[in-house]
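In what follows, chains are A, B, ... by sequence order, proteins preceding strands, each numbered from 1.
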Amino acid sequence: MENLSTRYTPKDVEDKWFKIWNEKGCFHTESSPNKDPYCIVIPPPNVTGILHMGHALNNTLQDILIRYKRMKGYNSLWVPGTDHAGIATQNVVERDLAKEKKTRYELGREKFVERMWEWTGKNGGKIIEQLKKMGSSCDWERERFTLDEGYSEAVNEVFVRLYNEGLIYKGSYIINWCPRCQSALSDEEAPHKEVQGNLYYIRYPLRKKPETGNQKPDYVVVATTRPETMFGDTALAVNPNDKRYKALIGKKVILPIAERELEIIADDFVDPEFGTGVVKVTPFHDPNDYEMGNRHKLDGILCINPDGTMNANATENYDGMDRFEAREALIEELKERKLLEKIEPHTHSVGHCYRCHTVIEPYFSEQWFVRMKPLSGKALEEVEKGNINFYPRRWHKIYVNWMENIRDWCISRQIWWGHRIPVWYCKNCYDKYLKNRHAQRLKLPLEISDKETGIIHVGLDKPRKCPDCGSQEIFQDPDVLDTWFSSWLWPFAVFGWPFNEPSAISHQPSAEKKVLNADLEYFYPTSCLITASEIIFFWVARMIMSGLKFMGKIPFSDVYIHGTVRDDKGRKMSKSLGNAIDPLEVIEKYGADALRFSLISIPGEDLYLSENKFEFGRNLMNKIWNASRFIIMNLEENKPQDISFKDIEKLLADGDSYLAEKWIISELNQLILDIDEAFGAYRFYEAASKLYDFFRHKFCDWYIEIAKIDIKDEVTQSVLLVCLKTILKLLHPYVPFITEEIWQKLPAKEEELITTSSWPGADKKLISEAAGEQFDSIKEIVLKIRNEGLKFRVKHTVRISTNHPGLIDLLNTYKKYVEKLTHLKVELIVPSKEVIKEAVGSKVAAMSASIYIEGGLKDFGIERARLKKEIEKINEEILKTDNHLKNKGFLNKAPEKAIEQMKKKKVEFEIRRQSLKKDLEELA
RNA sequence: GGGCGGUUGGCGCAGUUGGUUAGCGCGCCACGUUGACAUCGUGGAGGUCACUGGUUCGAAUCCAGUACCGCCCACCA
């Protein structure tokens with residue numbers, strides 16, 4: 001190692017080790033009865049995905065836990081995989097097609113899906129390769145894809161089971177329609193954003209002019225944000241208690257331009273305070289209006305096409321015009337006709353497609369839904385009982401809040417990439433239904449049975465003929481399922497569920513599935529899920545519901561929600577904002593370990609990132625490299641093969657020597673306890689920062705420096721080795737590559753690979769408070785001397801005098817530490833006996849040590865000022881403690897311990913003050 | 001509109017059941033070629049813990065109110 005550079009170069013190291021680890025099967029795990037399982041299923045990234053900082057963070061966290069548990073002796077399994085990401089992936093391929101001036105419709109469904117698979121085969125593995133660059137220790141033999149054959153079986157199985165139970169239904173409702181993707185979306189996929197729009201006040205002429213006088217206008221004014229939907233109006237509504245309009249209830253108005261007659265109805269829904277208190281009712285383009293339509297048995301009229309253009313119901317003028325163009329044009333026309341009263345700016349919340357950000361059109365259509373209430377009850381209960389815990393805890397409440405207000409889930413998508421809905425129709429019966437249903441105009445409320453719509457079978461197999469009419473023209477539902485309808489099964493579908501249970505789709509299990517099923521029994525429920533807050537509802541909540549429904553057990557007991565990656569200005573990091581930092585570039589420049597450690601070392605929940613943040617990790621890796629290099633360089637070749645804490649215990653048994661060794665070993669063991677505790681509570685940052693503090697500030701800055709006094713000493717060597725080995729192990733979950741590389745260079749090691757080595761157990765007998773206090777005394781003296789601001793290169797002699805017998809002994813033995821750490825010569829002056837009086841404890845005694853430095857306090861004036869300032873501060877503190885101790889209330893009511901502490905504090909301050917005063921006198 | 005958080009030195013954060021001279025990292029300033037490391041070391045400056053009131057012997061910590069910031073949900077036409 002001495003031949004090696006003083007710079008750590010990750011490039012030489014990372015790919016090499018990742019290959020070896022896999023070749024040796026370090027990450028592969030199989031169920032075994034003798035070991036406890038620990039399992040995490042990856043949040044499957046989209047096949048279209050390219051590794052971003054969010055992934056980097058997410059996967060670092062998972063890998064830390066997986067590696068930690070692996071070292072702890074668990075059968076630690078991390079299941080990797082990808083998600084077919086229906087709309088997102090289809091959009092990518094459609095864009096490619098567009099470049100060739102083709103559409104998917106021209107290609108046809110079969111050819112298009114073929115092309116999708118082709119694309120996926122070529123590009124789908126990219127993100128997986130990128131995860132590997134990060135060192136992710138997934139069991140790569142178990143990689144799954146949500147469109148895998150076996151996985152798809154699970155999806156179909158679930159659909160059929162839920163259908164048979166009445167938990168999946170086909171319904172006609174207002175759904176979120178994306179005119180660009182041309183598909184329905186679930187509520188979760190259509191997040192609302194504030195939009196600066198207008199409120200248009202439109203006059204609807206009354207059919208009959210008011211009889212009395214000509215004061216009253218002959219129209220009613222309606223305020224709307226979406227005037228173009230007026231062609232779908234089938235009524236106006238007012239609040240029944242609104243005095244202004246009471247007389248109008250039941251009266252008719254004329255819908256402008258379309259010149260249709262509308263009735264004014266009364267409904268409680270209408271808020272008299274808003275707008276004019278009159279609302280246009282458009283049942284097929286607004287969820288509220290749809291409900292109103294049902295209540296009042298109105299007609300529904302569709303006036304917009306699926307692609308966002310207006311249809312024939314919008315009159316010839318607007319037919320075929322884009323909805324937003326139509327809005328502008330219509331407003332112009334209304335102005336001309338003097339039917340536009342005014343336009344007011346109005347901020348309101350509008351749904352947007354989460355894939356392409358197009359404004360959502362609330363749209364009436366027939367879709368498939370999952371009834372959520374029957375599933376949510378248990379999922380809520382398990383969380384509230386504490387069987388599933390969220391970290392940080394606040395997400396618990398957000399989950400509960402959502403679950404309590406859960407609504408049915410629209411699962412059908414009008415795209416081709418995905419699991420096709422396993423429902424079969426008789427064409428003959430379906431056509432009959434269509435004929436009855438005037439496509440763009442319907443009487444509400446709608447009550448249609450599945451049979452009436454031509455559905456003849458729900459399952460995988462295509463029926464031969466219609467049981468009703470005997471027709472042999474059978475077709476499958478053209479829609480596919482929401483991607484989340486497959487990913488909500490992830491924690492058990494990755495293990496090949498279902499095969500040993502009676503299947504609703506009657507497929508014989510393959511041999512492969514049988515093997516997988518043993519794993520399902522063993523690894524399910526998984527241990528922990530690590531993900532981002534954005535997908536709590538999309539994914540986490542639904543997995544809990546499906547796990548309980550189909551496995552009868554929760555899918556995981558812990559959910560760790562990590563923060564959002566932001567730029568240094570606090571904006572969310574995203575490709576579209578152009579503020580993204582590419583993790584692969586960071587790996588290239590600083591190394592994967594530096595990336596990982598830097599990410600974990602950022603305090604707080606959200607991560608504010610800028611490129612220089614990664615220097616932190618790089619610098620630390622370099623420090624680790626050099627400290628290791630130094631130790632290994634100096635180690636004698638004949639070190640025992642396996643140095644354990646037990647050996648150290650023996651070596652350090654002697655009472656009066658090796659204080660620094662006792663101290664660092666004590667600190668190290670305490671560190672192990674701290675890290676175990678922090679990991680137990682998912683406090684990754686805390687564990688990292690404790691490790692950092694120990695390694696850099698305790699081990700390197702103090703212990704290694706002291707070890708240099710006699711680096712060839714046998715005990716020192718053993719302690720150095722044990723510390724290095726342990727530190728490497730503790731660091732390994734965070735920084736796997738560098739620790740493995742150094743591990744291999746250790747002259748003595750029992751375990752071949754650090755990756756599969758065992759986690760160090762703390763030896764509590766080695767945690768010594770006495771060693772800590774004594775070492776702190778030495779430290780204080782060193783710090784005090786350093787405070788004098790001496791130039792190290794000048795040889796000075798420091799005279800130390802103290803009134804504490806313990807400290808005198810300590811300094812007699814460990815003067816060498818002070819000398820090494822200050823580069824000064826130390827002379828101990830033992831004062832006369834009468835000075836030795838205060839014996840409150842070694843810590844206090846250390847502070848009372850008076851230190852004289854020959855030939856060079858930096859400046860007497862500055863020094864005096866500093867001392868005076870400090871004395872003043874101490875005076876204030878003494879006053880405070882005095883007041884407490886004089887206060888009867890405090891003496892009567894405070895616990896004894898607090899009073900004792902206060903007394904002790906006062907004495908400490910007084911001794912300190914005395915010592916400072918003495919120093920001040922010396923300066924005079 | 002409903003729900004949930006936050007406010008501690010220039011920035012990002014700790015601060016366990018109320019009792020330590022309020023800590024850490026980054027940044028800043030000064031010094032340093034000490035036989036692992038300048039991707040380093042040493043020292044230093046910098047905070048009346050958002051505000052107001054209350055509970056208490058004692059409040060950054062508990063309670064109430066105010067101000068500001070943020071997040072999630074929601075059908076304001």
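B:U42 is paired with B:A30 under the criterion used here, namely a Watson-Crick or G-U wobble arrangement in which both key atom distances are under 3.5 Å. Nucleotide B:U56 is matched to nothing when pairs are restricted to Watson-Crick or G-U wobble geometry with both distances under 3.5 angstrom. With a cut-off of 3.5 Å on both pairing distances, the Watson-Crick or G-U wobble partner of B:G70 is B:C4. Here B:U16 sits opposite no nucleotide as a Watson-Crick or G-U wobble pair (both hydrogen-bonding atom distances under 3.5 Å). The partner of B:U21, taking Watson-Crick or G-U wobble pairs whose two distances both stay under 3.5 Å, does not exist in any strand shown. For B:G35, there is no paired nucleotide, since no Watson-Crick or G-U wobble pair has both relevant distances below 3.5 Å. With both pairing distances under 3.5 Å, B:G47 is matched to nothing as a Watson-Crick or G-U wobble pair.
A salt bridge links A:Glu344 with A:Lys342: at least one charged nitrogen is closer than 4.0 Å to a carboxylate oxygen. Checked for salt-bridge contact, A:Glu872 and A:Lys868 miss the test: no charged N lies under 4.0 Å from a carboxylate O.
Comparing B:U34, B:C75, B:G2 against the side chain of A:Phe269 picks out B:C75 as the nearest. Of the candidate nucleotides B:C76, B:G25, B:C75, B:C75 has the atom lying nearest to any side-chain atom of A:Pro287. Distance from the side chain of A:Val270 is smallest to B:A77 among B:A77, B:U21, B:A74. Nearest to the side-chain atoms of A:Asp701 among the listed nucleotides B:A36, B:U42, B:G3 stands B:U42. With distances taken from any side-chain atom of A:Lys893 to the nucleotides B:A74, B:A36, B:U56, the minimum falls on B:U56. In this structure, the nucleotide among B:A36, B:G2, B:G19 sitting nearest to the side chain of A:Asn401 is B:G2. Side-chain proximity of A:Phe616 to B:G25, B:A38, B:G19: nearest is B:G25. Looking at the side chain of A:Arg407, the nearest of the listed nucleotides B:A77, B:C75, B:U34 is B:C75. In this structure, of B:G35, B:A36, B:U39, it is B:G35 that holds the atom nearest to the side chain of A:Lys820.
When heavy atoms are screened at a 4.0 angstrom cut-off, A:Pro895 is found touching base atoms of the nucleic acid. Note on A:Thr224: only backbone sugar-phosphate atoms sit closer than 4.0 angstrom, heavy atoms only; bases stay farther off. Residue-level contact check: A:Leu783 touches the backbone only, with heavy atoms under 4.0 Å from sugar-phosphate atoms and none from bases. Among the atoms of the strands shown, none is found under 4.0 Å from any heavy atom of A:Val222. The residue A:Arg683 sits apart from the nucleic acid: no heavy atom pair falls under 4.0 Å.
When the C1' atom of B:G32 is taken as reference, atom CZ of A:Arg786 falls 12 Å away, rounded to whole Å. A straight line from CE of A:Met292 to C1' of B:A77 spans 8 Å, rounded to a whole angstrom. Straight-line distance from the CD atom of A:Glu780 to the C1' atom of B:U21: 13 Å, rounded to whole Å. Atom CG of A:Asn619 is separated from atom P of B:C26 by 9 Å (rounded to the nearest Å). Residue A:Leu599 contributes atom CG, which lies 20 Å from atom P of B:G25 at whole-angstrom precision. In this structure, CZ of A:Arg226 is placed 13 Å from P of B:C75, rounded to the nearest angstrom.
Across the C1' atoms, B:G2 and B:A60 are found 31 Å apart, a figure rounded to whole Å. Comparing the same atom, P, in B:C13 and in B:A50 gives a spacing of 15 Å after rounding to whole Å. Distance check on atom P: B:A36 versus B:G41 gives 14 Å, rounded to whole Å. Between the C1' atoms of B:G5 and B:C24, the separation comes to 23 Å (whole Å). For the C1' atoms, the distance linking B:A64 with B:C11 amounts to 32 Å, nearest Å. Comparing B:C4 with B:C63, their P atoms are spaced 14 Å from each other, to the whole Å. A gap of 16 Å separates the C1' atoms of B:G6 and B:G15, to the nearest Å.
Look at A:His346 and you'll find a side-chain N or O under 4.0 angstrom from OP1 or OP2 of B:A77. Distances shown here put every side-chain N or O of A:Asn622 at or beyond 4.0 Å from the OP1 or OP2 atom of B:C40. For B:C37, neither phosphate oxygen OP1 nor OP2 lies less than 4.0 angstrom from any side-chain nitrogen or oxygen of A:Arg696. Distances shorter than 4.0 Å separate some side-chain N or O of A:His697 from OP1 or OP2 on B:G25. Under 4.0 angstrom from either OP1 or OP2 of B:G41 there lies at least one side-chain N or O belonging to A:Lys623.
Residue-to-nucleotide contacts include a donor-acceptor pair under 3.5 Å from the side chain of A:Lys708 to the base of B:A36. On a pure distance criterion of 3.5 Å, no polar donor-acceptor pair joins the side chain of A:Glu273 and the base of B:A77.
Geometrically, A:Arg542 engages A:Trp409 in a cation-pi contact, judged by NZ or CZ lying under 6.0 Å from the ring centre and within 45° of the ring axis.
Across all non-hydrogen atoms, the minimal contact from A:Ser349 to A:Glu194 is CB-OE2, 4.0 Å.
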Residues 272-283 of chain A, side-chain donor-acceptor partners within the protein, below 3.5 Å, at least two apart:
residue: A:Thr276; atom: OG1; partner: A:Val221; partner atom: O; Å: 2.5
residue: A:Thr276; atom: OG1; partner: A:Val278; partner atom: N; Å: 3.2
residue: A:Lys280; atom: NZ; partner: A:Thr229; partner atom: OG1; Å: 2.7
residue: A:Lys280; atom: NZ; partner: A:Asp233; partner atom: OD1; Å: 3.0
residue: A:Lys280; atom: NZ; partner: A:Thr282; partner atom: OG1; Å: 3.0
residue: A:Thr282; atom: OG1; partner: A:Asp233; partner atom: OD1; Å: 2.7

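Counted within 6.0 Å of NZ on A:Lys712, heavy atoms from surrounding residues, nucleotides or ligands total more than 12; the atom is thus considered enclosed. The number of heavy-atom neighbours closer than 6.0 Å to CD of A:Glu384, taken from other residues, nucleotides and ligands shown, is above 12. More than 12 heavy atoms of other residues, nucleotides or ligands shown are found within 6.0 angstrom of CD on A:Gln196. Around NZ of A:Lys11, the count of heavy atoms belonging to other residues, nucleotides or ligands within 6.0 Å does not exceed 12.
Relative ring orientation between A:His697 and A:Tyr692 is described as perpendicular, the plane-to-plane angle rising above 60° on a 0-90° scale split at 30° and 60°.
RNA chain B lies under 4.0 Å from at least one heavy atom of each of the following residues of residues 876-888 of chain A: A:Glu877, A:Asn887.
A:Ile704 places a side-chain heavy atom less than 4.5 Å from the side chain of A:Phe699.
Considering A:Phe284, A:Tyr173, A:Trp177 in turn, A:Trp177 is the only one that fulfils the ring pair (Phe, Tyr, Trp, His ring centres under 6.0 Å) rule with A:Tyr363.
Under the 3.5 Å distance criterion, the side-chain polar atoms of A:His823 are left unmatched by any main-chain donor or acceptor of A:Leu821.
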Quick one: what's the B/S/- string for nucleotides 5-13 of chain B, heavy-atom cutoff under 4.0 Å, read 5' to 3'?
S------BS
